[in-house]
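What follows is one structure encoded as structure tokens, with my remarks underneath.
Just so it is clear: chains get the letters A, B, ... in the order the sequence lines come, proteins before strands, and each one is counted from 1. Computed over heavy atoms, backbone and side chain alike; hydrogens, waters and symmetry mates excluded.
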2 protein chains.
Amino acid sequence: MQHIVTSADVAREAGVSRSTVSRCLSGDRRISDATRKRVQETANQLGYQINKIARSMNTRKSDLIGLVTSGLSDPFRVEFLDKLIFAIQQSGYRPLVIDVSDPAQMGTSMMHLLQYQVAGVVVTSGSPPPEVGVHFLKRNVPVVLVNRAGRLDGADVINCDNVRGGELAADLLLGTGKTRFGFLNVKGGTFSGNVRGETFVSRLAPGLANGDISFTPLVCDSADYDGGFNAAVKFLAQPETAPNAIFCAKDHIALGLLDAARFELGLRVPEDIAVVGFDDIAAARQGAYQLTTVRQSATKLAEMTVDRLRQRIRGDNLADQRLILSVEMARRRTV
Amino acid sequence: MQHIVTSADVAREAGVSRSTVSRCLSGDRRISDATRKRVQETANQLGYQINKIARSMNTRKSDLIGLVTSGLSDPFRVEFLDKLIFAIQQSGYRPLVIDVSDPAQMGTSMMHLLQYQVAGVVVTSGSPPPEVGVHFLKRNVPVVLVNRAGRLDGADVINCDNVRGGELAADLLLGTGKTRFGFLNVKGGTFSGNVRGETFVSRLAPGLANGDISFTPLVCDSADYDGGFNAAVKFLAQPETAPNAIFCAKDHIALGLLDAARFELGLRVPEDIAVVGFDDIAAARQGAYQLTTVRQSATKLAEMTVDRLRQRIRGDNLADQRLILSVEMARRRTV
DNA sequence: TTGTATGCGTTATCAA
DNA sequence: TTGATAACGCATACAA
């Protein structure tokens, strides 16, 4: 077991004090060019790596940012995390991922992040119990909730424009002339999904009132491809009466629905059934699907998240914010 | 700004010493039940969270495990990371993700992990320069390379059985009676892809020798859906002479190829063209694709990785190992 | 511009 | 079974 190179080793080798080494490597101005150069050379030569754990002892903050998620099975969330991880690194931070499969453990999981002195936390899944808010507030650790219901005291909330999305979907489907509307969401619903569905329905209100159209709420067991597929096989069993203008709470569900409609029921899209999704995941653009969907930009969402995080870490703008990312309709072949 | 609760606070409140608090909360045996109970109660009451950063100062190890990857755009890698993150947490560790977009920065990125005193590292992308090996060896930090070329001294290597995979693909395609074979891989190739392709070709050797069949190496610009799609549009332009029994280095490429064949060229699968992929990603099972492919289990790969990591962290079995995950053919509708 | 002394919160060592 | 004390590696206030 070899000795690990510390700043003291570099100091001795370069003939300076530990403080000087520290200053050189943290980019402190007040150091002579000669000294800086010499120290940096010795550091490289010895293979010195700063010990961020030790540094955090003083500063009481690490450059870790907690990412609370639950699995990587949801395609849009993966795209978001991808951009988020990139943006976090660009800002000089490092992502510490916490996978919360059991929503009940959300609170304890977030408390674990405190043990690492994280500089901030991004929650992309599950709604943290309000009582954890005070612990984060007390330590000035900013929390950003993304596409989540925001009941957390002291946390910022960033959502895409679910309301506008529901409207866009309704308007587009109304324009098809189809009359049997449906909204497909996971059993129990999610915060985002519920808002999308409610807005969708309220936009249909006039037509529903005068009996021009009908609406059926549709439910699947899981918020993914299989959920959409299995649900569709059932509710499309009698295509003559089944909904034929369907808005899905998210693309992943819509893909399952599409495959069920085409390959299990033999329906033509969009002639027999029109489908609108939400998210615009990569697969929606693929030739096999060409899904018409409400687009939210994972990249912008990630940038907004990191921007907001950095503001709060700097101590700016400390009042809780609620930010909305605009959405747009991506028109393809399923409507 | 409030004061943050430390072990000293708990000690004072409970009327014991810091050492006792430390022992109680780290599950040290030699402490009386009464004291343990009292300390734990005061800790909860005060909302005390252990500072793992400070703990790492002494132990010189954190319970962080570095995950080196490059983006989350590759579906199989995402599935693997999903299982890996889960397995890491199950073992009481935390994943610290490093996204290496530029392969040239691989070395420095891995060195950064050392700054956090990681207990181990998993490399899923890019091949680390051999010289970083010594720094990890010196600190007894285990490195596991997954589905990568292993040129790193002191690192373990875990691969799926690329050789067997290539054979399975060749045998299956030979059975179709088709005669114009192709292997589609990204320009320049990857370690895994190259092995798969080479085995595939060598399995075709007899047929090639007596002129029964032909083989064409096919290349795409990126190892993803778009790469496969764009390449296929070109090389399938004259379907009468183009390869009609194609093995793809990975499923994601195969999906692009399939969509190009069906929707751009109007080909029937598998009548006009047979396709075999590699990985068995979730999308391969979807109705729109039903891709026949060589399956490797992301779950098993993750378990093997964490098992090996834990062995080395414990100090067992210190000789470099090379593990192989078996593969199998998942027969669907594209052959 | 540089060096000295001190403290961050924990665990390990030694003593009681 | 418990407590006092010394590290761990770094940053910073203060002194020079």
Side-chain angles (χ1 to χ4, degrees), chain A residues 1-40 42-43 46-64 112 114-119 139-140, chain B residues 1-40 42-43 46-64 112 114-119 139-140:
Chain A
M1 181 61 179
Q2 288 244 218
H3 170 71
I4 289 167
V5 183
T6 75
S7 70
D9 299 320
V10 179
R12 193 181 334 101
E13 196 71 20
V16 296
S17 72
R18 293 194 331 265
S19 4
T20 304
V21 175
S22 169
R23 284 192 270 258
C24 285
L25 276 75
S26 60
D28 197 311
R29 283 267 170 248
R30 41 186 202 173
I31 218 85
S32 76
D33 285 350
T35 317
R36 155 162 294 124
K37 202 175 159 214
R38 183 155 40 93
V39 169
Q40 272 171 345
T42 3
L46 291 160
Y48 171 68
Q49 291 286 325
I50 197 170
N51 182 333
K52 296 223 176 185
I53 297 282
R55 161 184 282 176
S56 297
M57 283 297 301
N58 289 6
T59 62
R60 270 119 130 226
K61 275 287 167 63
S62 72
D63 42 18
L64 296 174
H112 285 329
L114 250 20
Q115 302 182 339
Y116 295 92
Q117 316 299 107
V118 292
R139 303 193 183 200
N140 283 335
Chain B
M1 180 60 177
Q2 289 244 209
H3 170 71
I4 289 166
V5 183
T6 75
S7 70
D9 298 321
V10 180
R12 194 181 332 102
E13 197 70 20
V16 294
S17 71
R18 285 184 348 252
S19 338
T20 304
V21 174
S22 170
R23 282 192 272 257
C24 286
L25 278 74
S26 60
D28 198 312
R29 282 270 169 245
R30 39 182 203 174
I31 216 88
S32 75
D33 285 349
T35 318
R36 154 163 296 125
K37 202 175 159 219
R38 184 156 40 95
V39 168
Q40 273 170 345
T42 9
L46 269 57
Y48 171 68
Q49 290 287 324
I50 198 171
N51 183 333
K52 296 220 176 186
I53 297 283
R55 162 183 283 176
S56 296
M57 282 296 302
N58 284 15
T59 63
R60 273 115 132 226
K61 275 285 168 64
S62 71
D63 42 17
L64 297 174
H112 286 329
L114 250 20
Q115 302 181 340
Y116 295 92
Q117 315 299 105
V118 291
R139 302 191 184 202
N140 283 334

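- Remark: the Asn51(A) side chain and the dC10(D) base include no donor-acceptor N/O pair separated by less than 3.5 Å.
- Among dG3(C), dG9(C), dC10(D), the nucleotide with an atom closest to any side-chain atom of Met57(A) is dG9(C).
- If you find the closest nucleotide of DNA chain D to Arg38(B) and to Ala54(B), the one lying nearer the 5' end belongs to Arg38(B).
- A sub-4.0 Å separation between OP1 or OP2 of dG9(C) and a side-chain N or O of Tyr116(A) is absent.
- In this structure, the side chain of Thr42(A) does not engage the main chain of Val10(A) through any donor-acceptor pair within 3.5 Å.
- Regarding Gln49(A), its CD atom lies at a distance of 15 Å from the C1' atom of dC10(D), rounded to whole Å.
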Worked verdict on Asn51(A) versus Gln117(B) for side-chain contact (heavy atoms from CB on, under 4.5 Å): CA-CA 7 Å; Asn51(A) 182 333; Gln117(B) 315 299 105; 3.5 Å; yes
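- In this entry the distance linking CG of Asn58(A) with P of dT10(C) reads 15 Å, nearest Å.
- Look at CD1 on Ile4(A): it is 10 Å from P on dC10(D), rounded to the nearest Å.
- Considering all non-hydrogen atoms of both residues, Arg139(B) and Leu114(B) come closest at NH1-O, 3.7 Å.
- For Ser7(B), the listed nucleotide lying nearest its side chain is dT10(C); candidates were dC10(D), dT2(D), dT10(C).
- Note: CZ (Arg55(B)) to C1' (dA12(C)) measures 13 Å, nearest angstrom.
- Summarising the geometry, the separation between CZ on Arg12(A) and P on dG3(C) is reported as 14 Å, rounded to the nearest angstrom.
- If you take CZ on Arg36(A) and CG on Leu25(A), they are separated by 9.0 Å, rounding to the nearest 0.5 Å.
- At a threshold of 4.0 angstrom between heavy atoms, the contacts of Ile53(A) with the nucleic acid are absent.
- When heavy atoms are screened at a 4.0 angstrom cut-off, Ser56(A) is found touching no nucleic acid atom at all.
- The nearest whole Å value for the distance from the CZ atom in Arg60(B) to the C1' atom in dA7(D) is 9 Å.
- Contact detail for Thr6(B) and Asp9(B): the closest heavy-atom pair is N-OD2, 2.8 Å.
- Dashed line: the shortest gap from a side-chain N or O of Thr6(A) to OP1 or OP2 of dC8(D) is not under 4.0 Å.
- In this entry the distance linking CD1 of Ile31(B) with P of dT11(C) reads 12 Å, nearest Å.
- Considering every non-hydrogen atom in both Ser56(A) and Lys61(A), the closest pair reads OG-O, 3.4 Å.
- Residue Thr59(A) places no side-chain N or O under 4.0 Å from the OP1 or OP2 atom of dC10(D).
- Put simply, CD on Gln117(B) is 16 Å from P on dT11(C), counting in whole angstrom units.
- A sub-4.0 Å separation between OP1 or OP2 of dT2(C) and a side-chain N or O of Thr35(A) is present.
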Candidate pair Arg38(B) and Thr35(B), rule side-chain contact (heavy atoms from CB on, under 4.5 Å), full reasoning: CA-CA 5 Å; Arg38(B) 184 156 40 95; Thr35(B) 318; 4.2 Å; yes
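- For the residue pair Ser19(A)/Ser22(A), the side-chain donor-acceptor check at 3.5 Å is not satisfied.
- Residues from residues 18-26 of chain A that place a heavy atom under 4.0 Å from any atom of DNA chain C, listed by number: Arg18(A), Ser19(A), Thr20(A), Arg23(A).
- When heavy atoms are screened at a 4.0 angstrom cut-off, Arg30(B) is found touching base atoms of the nucleic acid.
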